[in-house]
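All values below were derived from every heavy atom in this structure, side-chain atoms included, with hydrogens, water molecules and symmetry-related copies excluded.
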Amino acid sequence: MPAVVTGRVGDLRIRPARVRSISVATFDAEDPTGRARVTLFGGPRSFLGLREGARVILYGTPERQENQEKNIVFRSPDWAILKEPPASGADGPSAAIPAEWARLLPVYPAVKGLPSKLLAAIIYSCVTSPGLILTDPLPPEILRKHGFPTLPEAISGVHAPRSLEEIEPSRRRLAYQELYEIQAKVHEAADERKKRKAPSLARGAGAIAELSETLSFSLTPYQLDAISEISRDMG
């Protein structure tokens, strides 16, 4: 199952891969309970600062390899280099954990030229900015009726949630808002059409009567109703 571990780097080797501009780093991550072999892939500058003796934190799904000396393996885990704790501090997993590892992280689809992690960092920076100003399109009575969070709370609840319980109410509110805004535009367009004035074509009613008399059959009541409605609109 997925796990978070910390350890010190040993037996570090960095070599170019067969694919251009890709490097492969392999090392042992070791703590007092044992060691695991780690394989990382990245660009030429991805492993700056990675050195033997450095403390790292890893998140991934470990695999067990039977009949191997180092039989716990992490392949392409998320990773970060940890700051060294104070001399009097503990060398445990909670020491100097990066801030982004200590919170819930949304997962975004990767964009060409913009890795998912970088995109997540940019969005988090925007969402948590004190200068962020959002105008809520939902009237207060709708928020009260459905118990919805405000727009800033909903944006924070899906992009920077403090707990899993914040996510679903925030998502429902944003989904409702999307439908509300679509419906509002439909009503605005209808109101705009009502304000427009067109020339009256009431004299066309006579032409309809003449045309009806030339038919070899009688119109049904529904057809007559439809003709009357169209005539009123044209008038």
Side-chain angles (χ1 to χ4, degrees), residues 1-111 114-125 127-128 156-168 170-171:
M1 64 179 67
V4 177
V5 300
T6 63
R8 291 198 176 274
V9 175
D11 192 17
L12 173 65
R13 300 175 187 178
I14 301 176
R15 57 180 174 80
R18 295 179 181 178
V19 181
R20 290 181 58 187
S21 75
I22 297 294
S23 296
V24 181
T26 56
F27 60 88
D28 292 339
E30 185 174 1
D31 72 3
T33 69
R35 67 178 63 183
R37 193 64 178 167
V38 182
T39 302
L40 304 174
F41 299 89
R45 300 177 61 84
S46 299
F47 306 124
L48 294 177
L50 186 62
R51 55 177 176 76
E52 293 199 11
R55 296 179 65 249
V56 292
I57 183 170
L58 309 169
Y59 170 73
T61 302
E63 303 172 24
R64 185 180 297 277
Q65 293 185 330
E66 299 298 336
N67 302 321
Q68 297 289 329
E69 179 186 357
K70 303 166 185 175
N71 65 345
I72 300 297
V73 177
F74 282 89
R75 303 184 193 276
S76 298
D78 289 335
W79 66 284
I81 298 175
L82 294 175
K83 296 179 181 178
E84 291 294 335
S88 59
D91 194 21
S94 62
I97 298 294
E100 64 271 19
W101 286 61
R103 59 181 174 85
L104 293 170
L105 288 174
V107 178
Y108 301 98
V111 178
L114 190 61
S116 178
K117 287 184 182 178
L118 178 57
L119 180 61
I122 293 171
I123 293 175
Y124 182 81
S125 176
V127 170
T128 58
S156 176
V158 295
H159 293 289
R162 291 166 296 183
S163 68
L164 292 173
E165 288 72 24
E166 285 187 17
I167 299 173
E168 182 57 21
S170 300
R171 187 200 65 78

Hey, which of E63, R37, R64, R35 is the one that makes side-chain contact (heavy atoms from CB on, under 4.5 Å) with I72?
-> R64

Rounded to the nearest 0.5 Å, how far does CD of E52 lie from CZ of R13?
-> 9.5 Å

Any side-chain heavy-atom pair from R55 and I81 closer than 4.5 angstrom?
-> no

Atom of L119, atom of P109 and distance for their closest heavy-atom approach = CD2-O, 3.7 Å

Minimal heavy-atom distance between P106 and A120, with the atoms involved, is O-CB, 4.4 Å

Sequence neighbours left out, what passes side chain to side chain donor-acceptor pair (under 3.5 Å) with Y59? Give chain and number order.
-> none

Which pair of non-hydrogen atoms, one from A25 and one from I14, has the smallest distance, and what is that distance?
-> CB-CG1, 4.0 Å

Would you mind reporting whether V9 and R51 have side-chain heavy atoms less than 4.5 Å apart?
-> no

Minimal non-hydrogen separation, L104 against L164, with atom names | CD1-N, 3.7 Å

Output the distance between atom CG (L12) and atom CG (L40), rounded to the nearest 0.5 Å.
-> 9.5 Å

Looking at side-chain heavy atoms only, is the closest gap between F27 and V56 below 4.5 Å?
-> yes

Who pairs with T61 by side chain to side chain donor-acceptor pair (under 3.5 Å), at least two apart in sequence or on another chain?
-> none

Would you say the side-chain atoms of R8 pair up with the backbone N or O of G53, donor to acceptor, closer than 3.5 Å?
-> yes

State, with a plain yes or no, whether a side-chain heavy atom of D31 is found less than 4.5 Å away from one of T6.
-> no

Partners meeting ring pair (Phe, Tyr, Trp, His ring centres under 6.0 Å) with F41 (sequence neighbours left out) = none

Taking all atoms of both residues into account, what is the closest heavy-atom pair of V127 and S156, and its distance?
-> CG1-CA, 3.8 Å

I123 side, atom CD1; T128 side, atom OG1 - distance, nearest 0.5 Å = 11.5 Å

Give, for atom CH2 of W79 and atom CZ of F47, the distance between the pair rounded to the nearest 0.5 Å.
-> 6.0 Å

